[in-house]
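In what follows, a structure is listed as structure tokens, so that the remarks can point back to it.
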Number of protein chains: 2
Amino acid sequence: MRHGITHFKDLLGGEGYSWTRARSAVLTVLTTVPRPLRAEEIHRALRDPRINLSSVYRALRLFESLNVVHRVELGEGAARYELADDYRDHHHHLVCDACGRIEDVAACPVEAAGLTRHIRKRTGFAVRSHVLELFGLCRPCRRDAR
Amino acid sequence: MRHGITHFKDLLGGEGYSWTRARSAVLTVLTTVPRPLRAEEIHRALRDPRINLSSVYRALRLFESLNVVHRVELGEGAARYELADDYRDHHHHLVCDACGRIEDVAACPVEAAGLTRHIRKRTGFAVRSHVLELFGLCRPCRRDAR
DNA sequence: TCGATTTTGCAAATTATTTGCAATATTCGC
DNA sequence: GCGAATATTGCAAATAATTTGCAAAATCGA
Ligand SMILES: [Mn+2]
Ligand SMILES: [Mn+2]
Ligand SMILES: [Zn+2]
Ligand SMILES: [Zn+2]
């Protein structure tokens, strides 16, 4: 399990950052809940009233800069944050318009389709990253809708 | 030319909305500039100091609800807006990280790859819409970088 | 043209996020 | 473990994009 909480402690220490109550607590929430959370939701889940929302934002910003956390924007007005996975450098989501459920997409379709190469050839544009989020109805909601 | 400004006038009239100075001016800017603009940029381009920024926002919100305008979110903090095209119901962009240039992507790779069907089969999730934006270096910037 | 209805300008509110700064926590060498 | 040096935090205030209430102005249909 590469993701013990001590793994993060070592990682932060190695980069010259302190291992603090706020940072540890935020990471605990993120390792516990398997979906992208808003800063506000993370803060509420902390259970430690001493930790301020600003510290949650500061921790998230730091983790993002260290590629420990990925920001997910779903056009909701507030950003969401999830732990970066070890095996893939990014992934995409299926977002249910009815119930709000967020599922991970197994493989990156953009890579699978060789889209980067195709675009480079056709337009000369060198794609380095992309954002892809899919919206619709999850299976349960689809059945309910019938 | 399906996109004379009077086309929009008729469209708004048909939906029971007035043809006003603010709405007409916003549409003129959007038909003139061929890339997604921020509300602020549209407002600045209006050339009519009588029109308030709130009216620009209100016009954009209305146009979006009528599918006359599409909102484009590129993670910049502010949304961008562009005229919806007649022939495709949506399209994607190549955004240059160096110079900020925004190019349209010719065909939708998600549809081309049959991704919707694939996901439905594999996961039961019914995709109804998606957001895809690609970032990297445009051809000129790629050359400069060498 | 006129009254009914819609829209606008303006200022203030909202909301997510960031920041300054003094107080507190963490780190590290002893 | 202890204390100084440094990093981080809480708190309140600042930002920045967008929205909204309301009275005044514009548009529309007859
Ligand atoms: Mn995910
Ligand atoms: Mn476009
Ligand atoms: Zn659902
Ligand atoms: Zn460029």
Side-chain angles (χ1 to χ4, degrees), chain A residues 5-6 8-29 36-66 68-82, chain B residues 5-6 8-29 36-66 68-82:
Chain A
I5 202 82
T6 58
F8 294 120
K9 176 174 179 177
D10 295 345
L11 199 161
L12 285 194
E15 298 284 335
Y17 295 104
S18 303
W19 182 240
T20 69
R21 188 158 47 222
R23 289 169 186 170
S24 154
V26 168
L27 284 173
T28 298
V29 171
L37 296 173
R38 294 195 250 254
E40 179 64 52
E41 295 177 304
I42 296 170
H43 182 242
R44 214 178 313 135
L46 290 182
R47 299 288 192 84
D48 185 337
R50 289 170 300 182
I51 299 173
N52 192 275
L53 179 58
S54 328
S55 298
V56 173
Y57 276 109
R58 283 188 273 230
L60 290 170
R61 191 143 37 99
L62 174 65
F63 297 155
E64 217 192 332
S65 78
L66 298 174
V68 164
V69 156
H70 283 164
R71 181 199 306 249
V72 179
E73 314 233 352
L74 300 178
E76 303 168 301
R80 291 178 177 270
Y81 303 85
E82 68 182 344
Chain B
I5 203 82
T6 58
F8 294 120
K9 176 174 178 178
D10 295 345
L11 200 161
L12 286 193
E15 298 285 335
Y17 296 104
S18 305
W19 183 241
T20 69
R21 188 157 51 221
R23 289 170 186 169
S24 153
V26 168
L27 283 174
T28 299
V29 171
L37 297 173
R38 294 196 250 253
E40 179 64 52
E41 296 177 303
I42 295 170
H43 183 239
R44 214 178 313 133
L46 289 183
R47 299 288 193 82
D48 185 338
R50 289 170 299 183
I51 299 173
N52 192 274
L53 179 57
S54 330
S55 299
V56 173
Y57 277 108
R58 282 188 273 230
L60 291 170
R61 191 144 35 99
L62 174 65
F63 297 155
E64 219 192 330
S65 77
L66 298 175
V68 164
V69 155
H70 283 164
R71 181 198 306 247
V72 180
E73 314 232 350
L74 300 177
E76 303 166 301
R80 290 179 178 269
Y81 303 85
E82 69 181 345

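In what follows, chains are A, B, ... by sequence order, proteins preceding strands, each numbered from 1. Just so it is clear, the model here is predicted, and its values are computed rather than measured.
- Put simply, CG on L53(B) is 14 Å from P on dA16(D), counting in whole angstrom units.
- Taking each heavy atom of V26(B) and L46(B) in turn, the nearest pair found is N-CD2, 3.9 Å.
- Between the CG atom of L12(A) and the P atom of dT9(D) there is a distance of 10 Å, rounded to whole Å.
- Each of Y81(B) and S54(A) lies near DNA chain D, and the nucleotide nearest S54(A) is the one positioned closer to the 5' end.
- Atom CZ of R58(B) is separated from atom P of dT19(D) by 10 Å (rounded to the nearest Å).
- Between the NE2 atom of H43(A) and the C1' atom of dA16(C) there is a distance of 14 Å, rounded to whole Å.
- From E41(B), atom CD reaches atom OH of Y81(B) across 12.0 Å, with rounding to the nearest 0.5 Å.
- Between S24(B) and W19(B), the shortest heavy-atom distance links the atoms CB-CZ2, 3.5 Å.
- In terms of heavy atoms, I51(B) sits closest to A25(B) at CD1-CB, 3.8 Å.
- Here dA16(C) presents its P atom at 13 Å from CD of E73(A), a figure rounded to the nearest Å.
- Taking atom CG of D10(A) as the reference point, atom P of dT26(C) lies 17 Å away to the nearest angstrom.
- Considering only side-chain N and O atoms, Y57(B) lies nowhere under 4.0 angstrom from the phosphate OP1 or OP2 of dT19(D).
- Taking both residues in full, the closest heavy atoms of R71(A) and E73(A) are given as CD-OE2, 2.9 Å, listed atom of the first, atom of the second, then distance.
- Contacts with DNA chain D (heavy atom under 4.0 Å) in residues 16-25 of chain A: Y17(A), S18(A), T20(A), A22(A), R23(A), listed by number.
- Atoms CD (E15(B)) and P (dT7(C)) sit 12 Å apart, rounded to a whole Å.
- Proximity note for N52(B) (side chain, C-beta onward) versus dT19(D), dT9(D), dG9(C): the nearest is dG9(C).
- The two residues P36(B) and R80(B) make their nearest non-hydrogen contact at O-NH1, 2.8 Å.
- Taking atom CD of residue E76(A) and atom P of nucleotide dT18(D), one finds them 16 Å apart after rounding to whole Å.
- We find the CZ-CG distance between R44(B) and L37(B) to be 9.5 Å, quoted to the nearest 0.5 Å.
- Between the two ends of the helix from dT1(C)-dA30(D) to dC30(C)-dG1(D), each summarised by a five-pair axis, the helix axis turns through 40° (rounded to 10 degrees).
- Taking every heavy atom of both residues into account, S18(B) and L12(B) meet most closely at O-CD1, 3.8 Å.
- Among dT17(C), dG20(C), dG9(C), the nucleotide with an atom closest to any side-chain atom of A78(A) is dT17(C).
- Within 4.0 Å of R50(B), counting heavy atoms only, lie sugar-phosphate atoms of the nucleic acid but no base atom.
- The structure places NE2 of H43(A) at 9.0 Å from CG of D48(A), a figure rounded to the nearest 0.5 Å.
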